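Everything numeric here is computed off the predicted structure, so don't read it as measured data. The chains referred to below are lettered A, B, ... by the order of the sequence lines, with proteins before strands, and numbering in each begins at 1.
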Number of protein chains: 2
Amino acid sequence: MPSKRSPNPTVDRMGRECLAMRTRLLSRTVTSVYDEALRPLGVTIGQLNILAVVAKRGPIAQGEVAQFLSMEKSTMSRNVERMRQHGWLRQAPGGAGRQVLLEVSGSGRRMLNRAAPRWSEAQAEVSALLGKRWADALHGAADTIWNKLAEK
Amino acid sequence: MPSKRSPNPTVDRMGRECLAMRTRLLSRTVTSVYDEALRPLGVTIGQLNILAVVAKRGPIAQGEVAQFLSMEKSTMSRNVERMRQHGWLRQAPGGAGRQVLLEVSGSGRRMLNRAAPRWSEAQAEVSALLGKRWADALHGAADTIWNKLAEK
DNA sequence: CTCCTTGTGTTGTATATACAACGATGGCGC
DNA sequence: GCGCCATCGTTGTATATACAACACAAGGAG
């Protein structure tokens, strides 16, 4: 039932089918589940993702982490600064030019281990919320996008 | 090939399978396509979504728009303020208590019509990027979440 | 060696998001 | 009427994100 107030049919679609609106809704909802689970630890899911990537692949250049996560370099820069202040990350020696090599500190590793069970709970909660079908689909969609971004 | 630096297997999963990371990646990537298409008009996809909802259902209470879009009331409040300054939205008479009833102005309607073709292009571009399978899946996943949120 | 270019990070500015605290409005019991 | 209370919106503060401009380092052209 198109509204009398939207003579332009595209405007109706903008309010119902917009993929940006949909992905943003998903992102907000899903993120809040993880952040709520992690709040007692004082870490956000974004920081935890960075920490996990550096733990797995470090010492690694800051920009490489950003590229892997498809994050803007400025977002990464400010996040890294906060995480260094928390003592979870530190700069490793080496790195060509202005590169900043990152590695996880002992306290960062402890944080990862403390966060792991809470992350698992959040992951399970979101999987249940979405159902297996849509959870798998999100992985597929994200993989597709990630691969396209990697081509460039 | 688990890293020697991640003795905790959950940490490996955190860096590869985290649904928050995935949805945030999707949201950032998809949003940027729309915002790039809309930049010449000086409107963001978030604002356009609000405008479309108010156009279709207005006059409507600000909080109702927030609920429909599952947005935080404070995010909505500040967005509405900017959009009022742009002259796209205005407060309609009526509304119980402190409710703010919103409606789209003439200039808001013109913005919607100018933005419509660009929105369609962006929507097509993202659909092509994802492929029909994953684009449909995003709708399914978002619908599922939206319905769960509506139950509460 | 000097200049230029390129790669990498940082900083400025604006919007988006979340949570908590506050403020305002009107209803309701009495 | 008065005070309590529930609802709704705004404001404070912090993080997340994006884009542009800048800063810095290294290497190459000449």
Side-chain angles (χ1 to χ4, degrees), chain A residues 20-21 23-50 60-86 88-89 91 94-102 149, chain B residues 20-21 23-50 60-67 69-86 88-89 91-92 94-102 149:
Chain A
M21 186 180 76
T23 56
R24 288 153 72 88
L25 166 63
L26 282 168
S27 160
R28 286 194 300 267
T29 308
V30 171
T31 293
S32 76
V33 173
Y34 288 80
D35 277 345
E36 190 178 344
L38 296 172
R39 195 166 308 134
L41 301 185
V43 67
T44 66
I45 185 60
Q47 295 168 350
L48 198 58
N49 288 145
I50 293 172
I60 180 177
Q62 180 173 315
E64 219 176 316
V65 180
Q67 186 166 34
F68 180 78
L69 295 173
S70 296
M71 283 176 61
E72 238 279 328
K73 59 186 180 175
S74 60
T75 305
M76 180 64 59
S77 176
R78 284 180 256 245
N79 240 319
V80 164
E81 191 195 336
R82 271 190 291 270
M83 295 173 73
R84 283 163 85 160
Q85 285 173 1
H86 281 293
W88 303 328
L89 285 185
Q91 183 163 2
R98 280 203 75 188
Q99 273 190 344
V100 172
L101 288 192
L102 296 175
L149 292 176
Chain B
M21 185 180 79
T23 55
R24 288 154 72 90
L25 166 64
L26 282 168
S27 160
R28 286 195 300 266
T29 308
V30 170
T31 294
S32 77
V33 173
Y34 288 80
D35 277 345
E36 190 178 345
L38 295 172
R39 194 164 308 134
L41 301 184
V43 68
T44 66
I45 186 60
Q47 295 169 348
L48 198 58
N49 288 146
I50 294 171
I60 180 176
Q62 181 173 315
E64 219 177 317
V65 180
Q67 187 165 35
L69 295 173
S70 297
M71 282 173 64
E72 238 278 329
K73 58 186 179 174
S74 60
T75 305
M76 180 64 59
S77 175
R78 284 180 254 246
N79 241 319
V80 165
E81 191 195 335
R82 273 191 289 271
M83 294 172 74
R84 283 163 87 159
Q85 285 173 0
H86 281 295
W88 302 330
L89 285 184
Q91 183 164 4
R98 280 202 76 191
Q99 274 190 343
V100 172
L101 288 191
L102 296 176
L149 292 176

At under 4.0 Å, does any side-chain N or O of [X] touch on OP1 or OP2 of [N]?
X       : N      : result
A/Arg39 : C/dC19 : yes
A/Gln67 : C/dT8  : no
B/Thr44 : C/dA16 : yes
A/Arg82 : D/dA16 : yes
A/Asn79 : D/dA16 : yes

At under 4.0 Å between heavy atoms, what does [X] touch on the DNA or RNA strands: base, sugar-phosphate, or nothing?
X       : answer
B/Gly63 : sugar-phosphate
A/Glu81 : nothing
A/Thr75 : base
A/Gly46 : nothing
B/Arg78 : base

Which whole-number value in Å describes the distance from [X] [atom1] to [N] [atom2]?
X       : N      : atom1 : atom2 : result
A/Leu38 : D/dA16 : CG    : C1'   : 16 Å
A/Arg84 : C/dG9  : CZ    : C1'   : 11 Å
A/Glu64 : C/dT8  : CD    : C1'   : 12 Å
B/Ile45 : D/dA18 : CD1   : C1'   : 15 Å
A/Glu72 : C/dT11 : CD    : P     : 15 Å
B/Gln99 : C/dG23 : CD    : P     : 22 Å
A/Leu48 : D/dT15 : CG    : C1'   : 15 Å
B/Leu25 : D/dA18 : CG    : C1'   : 15 Å

Query raised in the report: Would one find more than 12 heavy atoms of other residues, nucleotides or ligands at under 6.0 Å from atom CD of B/Gln91?
Result: yes
Query - Heavy-atom donor-acceptor pair, A/Arg98 side-chain to D/dA23 base, under 3.5 Å - result: yes
Requested in this report: Give, for atom CD of A/Gln47 and atom CG of A/Leu38, the distance between the pair rounded to the nearest 0.5 Å.
Outcome: 9.5 Å
Query raised in the report: Do you know the tightest heavy-atom contact between A/Arg28 and B/Leu69?
Result: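 Here A/Arg28 and B/Leu69 meet closest at NH2-O, 2.7 Å.
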Report task. Select from A/Arg24 and A/Ser74 the residue whose nearest nucleotide in DNA chain C is closer to the 5' end of that strand. Result -> A/Ser74
